[in-house]
Participant: 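Structure below; questions to follow.
The basis for the numbers below is simple: all heavy atoms, side chains too, and nothing from hydrogens, waters or symmetry mates. All chains are named by letter (A, B, ...) in the order of the sequence lines, taking the proteins before the strands, and each is independently numbered beginning at 1. Only a predicted model underlies this, so the values are computations on that prediction, with no experimental measurement involved.
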Amino acid sequence: MMNEMVTTLLASVPLLGALLCLTVWSRPAHVKPTSIVMTMISLGATIGLSPFLTVSSEGFLLLFLLPLAACLSILGQPTHKTHRSAWVLTLVFLGLGLSILASHGVMGQLALLVLFGLVIGLLYRHHSALWPMSWWGIGVYGLGMVAAVTSDVTEPPVSTVASLLACAVLLPLVPLHSGYFTALTRLPGNLPSFIVVLFPAVGLHGLVAVTPVLPNNVAVAIMGFAVIGALYGAVRALAQSRMRLRLAYSSLSLFSMLWWFAVAAGITTAWASVFVGAVSFGTSGLLLAWQVIRTRYGDDVDPQAVSGLASTMPRFAVLLSLVALAVMGLPPFGVFSGFMGLLLTSPIASPVALFVILLAWLATSWYILDAVQRLLFGQQRADLPFTDLQQSEFVALLMVVLIVIALGVIPAGLLGPDSAPALTSAMTGLFAWNK
Amino acid sequence: VAPVGFVFSEGQKMSVLAVLLVPLLPLLAACVVALGSDGTRARRTKIAAYPIGAAFCAAIVTLYVVTTQGPITLRFYDPVSVGSFAFPIGFYIDRLSAVMMVLISAVGSIIYTYSIRYMYQDAHEPRYLALIGGTTFVLLCMVSSANLMMLFLFWQILNYLLYVLAHNHSHEGTLDGAFRMFTLLRVGDVAFLAGIVLAHSLYGTFEFQELFVRAAESTATHSLLPGIEISGATAVTLLLFIGGMSKSAQFPMFIWLPRFLYAPTPVTALLHAGIINAGGFLINRLAPLFGLSSTTLHVALVVGTLTAVLGATMMLTQNDIKKTLGFSTVGQMGYMIMECGLGAFSLAVFHLIAHGLFKATVFLSSGNVIHKARQDPEFPHVDPRKEQESFSRLTWSTGFFTTLVIPLIILLVTHGILRIPLLESQGAVIILFFIWVTSSQAILTLTRLRAVASWKVSAAMLLTLLFVVLVYLFAVESFTVFLYPNPADVAFYFQAADLPNWLFDLLLLGATLSTILGWLYLYLRAHGRSVWMPTWVDGVKIRLYVLFMNRLYVEQAVQHIGKFLLRLLHRIDKHAQGWSQR
C-alpha cells in the first residue's frame, strides 16, 4: 500500500510538471526551463522517497537514471516553439516510466498500457508516406499492448510468454524490433533520446520477473533470437549511412547480447541494469550529439559532408569521442563494466554463441568509430559555418559522459548481493569442461 | 591472497610512494600541458618535462627496492570479489614490472623532451604532448598491474590513445591507417577478453599469483572436436596469445604497423620502443601460465619465426627509411615471440629492452638521415669487377674460421662457465644456433665492406665475436638470473617448450647448412664464379622481390576483403525490407 502511494507521488511530479508547462505554453523560453526543473524535482523526489519503495537494487538504478535522462534530453534540445510538445511529452513519459518501475500492482500495468497507447498515437500522428515501414512499428507496439493485457488476464505459461513479448517490444529483440526503430527514427524533438533510455529500462524491469520462470524450450528459442539479433544488428549497422539508423541497429545488437546473457543465466543480475543504463545513455548521448549536427546543418545531413569538426568544434569533438568510446565498450565506461559483469556472472551456455556475441561486440568498434571519424576528422569544409556547443548542449553531453563513467566505476556493493560472480563453470560444469 | 590494502615490508614504506609516483607523474605532466591558457603554453610544455623525468628517477628507486627487498603489492580492492568489481586497481611490482617501468619512463622522458622542439609552433602541440604523457601513464599502469583485469583495461585504453596519437587527422592516409590500426587491435582485444573470461571461468580469479597456482592444480580439458582435447591452460593462453599477437604486430596481424608510420616520428619511436613490446611483456607476466601449455609455446614459436623471417625479408625490400625501420621492428618482434616460444622468456625481455632503446634512437635520428640524404643524394652502384678486385683472402679466411670457431666457444662458455644444462633444454640450443647464424651473418656483412683494409675487417670480426659472446651469453644469463632467480623456473619453461626430436634436429641442420652455404656463396661470388641455377629461378627471384616489396600483398588482400564485405552488406541492406530504403 505504502509502495503504491509513493509511486503515485513519484509519477505525479512529472505529470504535474507537464500541466504546469501547459500554463506557460505561449512562451517557449519558459516551457524548457520548467520541464528541466520538473525533471530535477522528480529526481530529487525519487532519491528522497526511495527508502519507502520496495524495489530491487537494479530497479533503483533505473529509477534514478530515468529523470536524469529526461532532463538531459530536454537540455540538449535548442529552444524553439516546435519542440514544446516534445518537452511536455517527455514529462508525461517520465511519469509513466516511474510508475511502471516503482509499482508492483495495477498502477504499473495501467501505466504500461498508457505508455503503449501514447507511443502508438504519437507514431500515427507523425506517420509519413515516405516511411511506410513505420506501420510495422505501430503494429509491433500494438502487439506489445495486447501482450501486456494478455499477461495481466491469463495464467502461466501464457502470461509468461505474453510478458516476454511485451518485454521484447520494449527492450528490442529480433523480430520485434520494428517498434523501437520507428520510435527512434520517427518521434519528434528530444523524444528519441529519452525513449532510448525509457523503453529498454521498462523492458528490463519486465524481464527481471520473467527470466526465472521461462520454460526451457522458450529460453532456447529466445537465446537463438538474441544471437541472431546481436549479429544482425551489427551487420546492418555497418551498412548504414544514416546516423539514427546506425544507432538503432547498434543498440539492437547490444541489447540482444543482454537478452542472451539474461536468459542463459535464468536470472537478471544488477550488471544487466548497468549494461542497459550505459548502452541507453551512450546511445542517448550520441543522439544528442547528432541533434547538435542536425540543428546546425539540417535534418538528414551526411556525416561525411560536415567532416573535420575536431578542429572547428573542439568541445563537441571531445565529448562526442568520449560518448562514442563508451558505446564502443572501452573502459572506464559503463558499457564495458556492464558487459564484463554479464560475462563473469552468467554461465556460458554455448561457446559458439559466445563467439558470435564477441564478434558483434567487436563490430561495435568498427561502425561507431567509422561514424565518429567521418564527422570529426578529414578535410575541414571551408564553406560551412561552425559553431561549437552552446552552454546547454555542452552541459547535457558532459553529463552523459559523467553518467556513463559513473556507471563504469560504480562500486559493486551498491549493486546488491546478486552482482557477485557466479560459480565458475569449472564448478558448475556448464561450459562442457571435462575435469 | 592478501586482503585489501598494501603488502610490503617495513623497509619498503618509502618506496610505496615512489611506486605510486611512477605512473602518476606522467599523468600530472599531461594535465599540466593540457590545462591552461595559450599565454602560458610554452612554459607549461617545458615544466611538464620535469614530472616525466622525475617518474624515471622514481622508477629507478622502485627497481632498486624491488631488487633488494622483494616485490611490492598495492591493492585498492578486495581480491576475493574482484569479479564483481569492474575496475580492480592495484599494483604488483616485481623485478619484471620494475624493469619495464624503468624502460618506459626512460623512453617516455626522451620522447617527450624531443617532442617539445619537434612540435614547436604546431597548433595541436598541447593535445599531442598531453597524449604522450597520458600514454606513458597508461603504459606504466599496464606493466605494473596487480591482476589480469587491470592489465586488460589499460591494454584497451592504449589502443585508443594510439589512434588519437596518429595526430594528422586531416590527412586521408593517416586516418585510414589509424582506423585500421584501431580495428585490428580490437580483434586482439576480443581474443584477450575471451581469454580472461575463460581464465576466470576455469580458475575463478584474476590475481596473478593465485591464477598460476590454480592453473597448475587444474586438470580441466576441453573437446574442440570429437577426439581432439586441449587443456584449459592451452585454451586460455592461446586466446591471450592472439591478444599479444595483435599488439606486437605478428604475422598476419602486422599490417597496422606500416600504416601507422604516418604518425609523427616521436610517436613512432614510442610505439616501436615501448608499446609494441606489450605482447612480449604479456607472455612474461603470465610465464607460469604459458609454461603449462607446450602447444601455445609451439604456436608462438611458429608465429614468431614466420614473423621474424618475413619481417626481415620485407625490411630488405622497402624503399623508404620509415618503412624499413617499421619492418625491422616486425622482424625483431617476431624474434622476441620466437624466444618466448622456445621458453627463453627472460631473453625475450632482454631483447625487447635492447631493441626498444636501439629503435627509439634510430627513429629519432631518422629525420636527420632523410634531411642529409636530400642534400647529398647517393645511389647504390654495384660493379661486379670491383667486388672481385676488392676480395681479400685474409678477411674471408678470418671470417670463415671465426664462424667455425664461434659454435665451439659458445658451447664451451655455456656448458663450462655458465653451467647451462644444454642437454635438458632444446630451446637454449636453438637460440645458440640462432646466435651462430646471426653472428655469421654480421661477419658476412663485414667481409663485404670495401672502404677499409682487410686487417681492420678481420679485427672487427673478432671484436664482433667477443661482443656477441659477451652480450648474448654473459649479459643474458645474468639478466635471466636477475629476472627468474629460481633456476628451476627457467628449466621448467625450457622443458615446456621442448620440440619433437626430428624437428629439433632439422632446425639445427638448417642453421648449419645456411651458414656454410652463405660462406660458399660469398666465396664463389667474390671469384667471379656463379652457382648454376635453372633460368626460371631468376624469374622467381624477381617475383619474390616484388612480392616482399609489396608486403606479400596482405594489406591489399585485407582491403579487398573489407571492401567486398562492405559491398555485400550494402547489397543485403538494399534488398532487405529495411529502414534505410526510405
Participant: Only pairs of heavy atoms separated by less than 4.5 Å count here; which of Leu565(B), Val190(B), Val187(B), Ile196(B) has the most with chain A?
Facilitator: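 The candidate making the most pairs under 4.5 Å is Val190(B).
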Participant: Roughly how far, to the nearest 0.5 Å, is the NE2 atom of His570(B) from the CD atom of Gln240(A)?
Facilitator: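 Taking CD in Gln240(A) and NE2 in His570(B), the distance rounds to 8.5 Å.
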Participant: Of all the residues in residues 175-184 of chain B, which have a heavy atom that comes within less than 4.5 Å of a heavy atom in chain A?
Facilitator: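 Answer by number: Leu175(B), Phe179(B), Phe182(B), Thr183(B).
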Participant: Apply side-chain contact (heavy atoms from CB on, under 4.5 Å) to the pair Arg127(B) and Val318(A), showing each step before the final yes or no.
Facilitator: CA-CA 11 Å; Arg127(B) 179 174 70 88; Val318(A) 170; over 6 Å; no
Participant: Taking side chain as everything from C-beta outward and backbone as N, CA, C, O, which of these in Leu376(A) sits under 4.5 Å from a heavy atom of chain B? Side chain, backbone, both or neither.
Facilitator: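 Looking at Leu376(A), nothing touches chain B.
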Participant: Do you know which of Leu369(A), Asp370(A), Val235(A) has the most heavy-atom pairs with chain B at a distance under 4.5 angstrom?
Facilitator: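 The option with the most such pairs is Leu369(A).
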Participant: side-chain contact (heavy atoms from CB on, under 4.5 Å) between Met149(B) and Leu344(A): does it pass, once the steps are laid out?
Facilitator: CA-CA 12 Å; Met149(B) 177 60 96; Leu344(A) 297 176; 4.2 Å; yes
Participant: By a 4.5 Å heavy-atom criterion (distance strictly below it), what part of Glu172(B) contacts chain A: side chain, backbone, both, or neither?
Facilitator: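 Interface part for Glu172(B): neither.
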Participant: Once you round to the nearest 0.5 Å, how far does OG of Ser321(A) lie from OH of Tyr163(B)?
Facilitator: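 Answer for the OG-OH pair, Ser321(A) versus Tyr163(B), is 8.0 Å.
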Participant: Using non-hydrogen atoms only, which part of Trp361(A) is less than 4.5 Å away from chain B: side chain, backbone, both, or neither?
Facilitator: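 Contact with chain B involves the side chain of Trp361(A) alone.
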Participant: So for Tyr367(A), is it side chain, backbone, both, or neither that comes closer than 4.5 Å to the heavy atoms of chain B?
Facilitator: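 Interface part for Tyr367(A): neither.
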Participant: Quick check: closest heavy atoms across Gly329(A) and Gln156(B), and the distance to 0.1 Å?
Facilitator: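 In this case the closest contact between Gly329(A) and Gln156(B) is O-OE1, 4.0 Å.
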Participant: Is it the backbone or the side chain of Phe152(B) that comes under 4.5 Å from a heavy atom of chain A, or both, or neither?
Facilitator: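 The side chain, not the backbone.
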Participant: May I have the step-by-step check of side-chain contact (heavy atoms from CB on, under 4.5 Å) for Ile157(B) and Leu330(A), ending in yes or no?
Facilitator: CA-CA 7 Å; Ile157(B) 294 171; Leu330(A) 281 169; 6.0 Å; no
Participant: I'd like to know which of Leu568(B), Leu193(B), Asp189(B), Asn159(B) tops the heavy-atom pair count under 4.5 Å against chain A.
Facilitator: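 It is Leu193(B).
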